[in-house]
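Shown below is the structure under consideration.
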There are 2 protein chains.
Amino acid sequence: MADVAREAAVSKTTASDALRGHGRVSGATRDAVEAAALRLGYSPNRNARSLRTSVTETVALHIPEVLTSAEYYMSFVFGVTEQATRAGLNVTMISSGHLPHRGALPQVDGLVLCDPMAGDPVVEALMNSGLPVVTAERYVGDKESTGVVCSDHETTTVELLDHLRDMGAVRPALLASDSTAERAATVLDTYRRWCVRNGLPDTVHKAPFGSPPEVPRAEVARMLAGSPETDAVVCAADGAAVTVLPEIRAAGRTVGKDLLLASCVDSTTMRLSDPPITAIDLRPRDMGAECARLLCDILSGRSPRGTVRSLPITLNTRASTGLPRP
Amino acid sequence: MADVAREAAVSKTTASDALRGHGRVSGATRDAVEAAALRLGYSPNRNARSLRTSVTETVALHIPEVLTSAEYYMSFVFGVTEQATRAGLNVTMISSGHLPHRGALPQVDGLVLCDPMAGDPVVEALMNSGLPVVTAERYVGDKESTGVVCSDHETTTVELLDHLRDMGAVRPALLASDSTAERAATVLDTYRRWCVRNGLPDTVHKAPFGSPPEVPRAEVARMLAGSPETDAVVCAADGAAVTVLPEIRAAGRTVGKDLLLASCVDSTTMRLSDPPITAIDLRPRDMGAECARLLCDILSGRSPRGTVRSLPITLNTRASTGLPRP
DNA sequence: ATGAAAGCGCTAACAA
DNA sequence: TTGTTAGCGCTTTCAT
């Protein structure tokens, strides 16, 4: 930077201001400085800048370690990373297992928490860090997050249930997830209310969160044996819908004919399953990007704390719930 | 830090040395300083440290944006992150799309590249950054990486092909990936040599890298129609094996009976498919952790540049290639 | 075994 | 509009 200043025959301050577009400098000097910087291949030392400004230009990202929804989370990571990079921010991963040594949080300007689960000690520590936090989906603990990007699961779940009814289902059952993330609760509530509104009994089986994928299979087998009138199954847990296919077949049912099947989380697997499974596209990449964007906006003061943004999601109907919509 | 020094009644220098375990200080003073730091909840300012030492304690991580192997990559990310955190390093994600502004690389001590593809401009820029680079699997471009963690795909592929032969297959075909990552080439070579050694003709169909998952399906349909004598299919591309199941059934074949099916990449999907699919477990989390460990070792001088470490991988035999091994 | 002082590269405050 | 000075928090000489 001193070199750039000398090359452009100005002071360090002027060079600094010129490169950051600080309105102080005249057009001519700015061009001169920029040319000099380019010639010397200068790029600023982020550590020095951070030390001086106490702005790290870095955000931390926490992802729950759940491999059954790897596609969702990986897409989310790509979304956050690309958007943050665009905005000139670095993205630091936070280990889902343990916080760094001495309980010291990473030195960042803000946090993005994906599907924060109340009760997760790392999540709680991050929520209580005092740093601005944007969560993908609401955090249901005591602490309020600084910003939220959430989707309207209620509307889409109703849409899904209506679709099942329209396709002839009269006894839809729910294979619920009992994650403490918000989405799980919304789906369950919505399902129960929908049943009441439609004058139907509800059938709910739960697969404990983080249980191995064999568990939902067993649950569905039990469900079909115990409630044989079931003619549609909605799987809330990511990825579960595909894994229960064999049990459904083993019970003598045919998916898309005498048993409709749908998933609350879409993925390549759902699309390519046999038959393809009706699912809700949560648009994880856009979700990640929107979280990064909101965090930037909050950090720069463009958006106020407490901002809630909404990300549209859509139902993809496929053969597992009858013929795809035309 | 000045506060800690005052609290412990020593100089800043002594406090600094004490906290880093620099052998200068006596045991008593060190304890005093540590107690003081604990009392004050002190944690060092990484930026100031980095500015002074020009060590960032940060590594960057690059992941190819391929959603068909999201489970592999997400596990890899978790492995890297956890191991790096253990070693006191931060992990910064590098956007797979574009490099940061001004072409400036992130300011880090080293890089981890997962499955680096020759020809990818971001990968090439990173390889040429001059920073220490550890790659998961060899980089096949001109540049040499500083360290490599790789697996013995040749041996395991032979083991897989032998297994198919043992289970009765006489005409195994390969659905190859034409990624420029090393593994793709190794699998193809190994398959061809194995065919020669066993006096069998080879049948290879390719799915262009990054092609939508519908492509391998179509390839398999073509394969079964064009080479009906095929009695086993090995899928190199991640996730392809599951997606081709419907085509195989449509061709009137039964997986595990008159057509054996195997994947070169294991995943939850393979394990839970119907039937479960024989696959090679690449142990992505361990791979990530080992990459981080090797990079640490190289950065700290514990391992020399050019170190190559090997990660064992294993074949999981399942019903798709006949009965599981007892 | 400890302390004092200099300085990493940058930017905010103040002066001109 | 530009320059000068000080200092962010730490570690590393160098001196004691």
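All figures in this text were calculated on a predicted structure; none of them were measured in a lab. Below, chains carry the letters A, B, ... as their sequence lines are ordered, and counting in each starts from 1.
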Quiz item: Closer to the 5' end of DNA chain D via nearest nucleotide, is it A:Thr29 or B:Ala48?
Solution: A:Thr29
Self-check item: Boundaries of the DNA chain D segment in contact with chain A, non-hydrogen, under 4.0 Å
Solution: D:dT1 to D:dG9
Quiz item: Contact class for A:Arg49 vs. all strands (heavy atom < 4.0 Å): base, sugar-phosphate, or nothing?
Solution: sugar-phosphate
Quiz item: Under 3.5 Å, is there a donor-acceptor pair between the side chain of A:Asp109 and the main chain of A:Thr56?
Solution: yes
Quiz item: Atom CZ of A:Arg46 and atom P of C:dC10: how far apart are they, to the nearest Å?
Solution: 13 Å
Self-check item: Full working for side-chain contact (heavy atoms from CB on, under 4.5 Å) between A:Val91 and A:Val80
Solution: CA-CA 8 Å; A:Val91 177; A:Val80 170; 4.2 Å; yes
Quiz prompt | Backbone of B:Val77 reached by a side-chain donor or acceptor of B:Thr81 within 3.5 Å | solution = yes
Quiz item: Within this structure, what is the CZ-to-P distance between B:Arg52 and C:dA6, rounded to whole angstrom?
Solution: 13 Å
Practice problem: Identify whether any heavy atom of B:Ser54 sits under 4.0 Å from a base atom; if not, whether one sits that close to sugar-phosphate; answer base, sugar-phosphate or nothing. | Solution: nothing
Quiz item: Is any side-chain nitrogen or oxygen of A:Arg20 closer than 4.0 Å to OP1 or OP2 of C:dT11?
Solution: yes
Self-check item: Selected nucleotide, minimal atom distance to B:Thr14 side chain, candidates C:dT11, C:dG9, C:dG3
Solution: C:dG3
Exercise. Please check if any side-chain donor atom of B:Glu137 sits under 3.5 Å from a side-chain acceptor atom of B:His153, or the reverse.
Key: yes
Quiz item: C:dC8 C1' sits how many Å from B:Gln107 CD, rounded?
Solution: 13 Å
Practice problem: Quickly work out the A:Asp17 CG to C:dC10 P distance and round it to whole Å. | Solution: 13 Å
Quiz prompt | Neighbours of DNA chain C within residues 1-10 of chain A, by heavy-atom distance under 4.0 Å | solution = A:Met1
Quiz item: Got a donor-acceptor contact below 3.5 angstrom from the B:Glu124 side chain to the B:Ala118 backbone?
Solution: no
Practice problem: Look at the side-chain N and O atoms of B:Ser26 and state whether any lies under 4.0 Å from the OP1 or OP2 oxygen of C:dT2. | Solution: yes
Quiz item: Is there a donor-acceptor pair closer than 3.5 Å between any side-chain N or O of B:Ser11 and the backbone N or O of B:Thr14?
Solution: yes
Quiz item: If each of A:Asn45 and A:Arg24 is mapped to the nucleotide of DNA chain C with the nearest heavy atom, which maps nearer the 5' terminus, i.e. the 5' end?
Solution: A:Asn45
Self-check item: Test item: A:Ser50 side-chain N/O and A:Val55 main-chain N/O as donor-acceptor pair under 3.5 Å
Solution: yes
Quiz item: Any donor-acceptor pair under 3.5 Å between the side chain of A:Thr53 and the base of C:dA12?
Solution: no
Quiz item: Is A:Asp297 salt-bridged to A:Arg309, cutoff N-O under 4.0 Å?
Solution: yes
Quiz item: Got a donor-acceptor pair under 3.5 Å from the side chain of A:Thr13 to the base of C:dA12?
Solution: yes
Quiz prompt | Residues forming a side chain to side chain donor-acceptor pair (under 3.5 Å) with A:Asp31, sequence neighbours excluded | solution = none
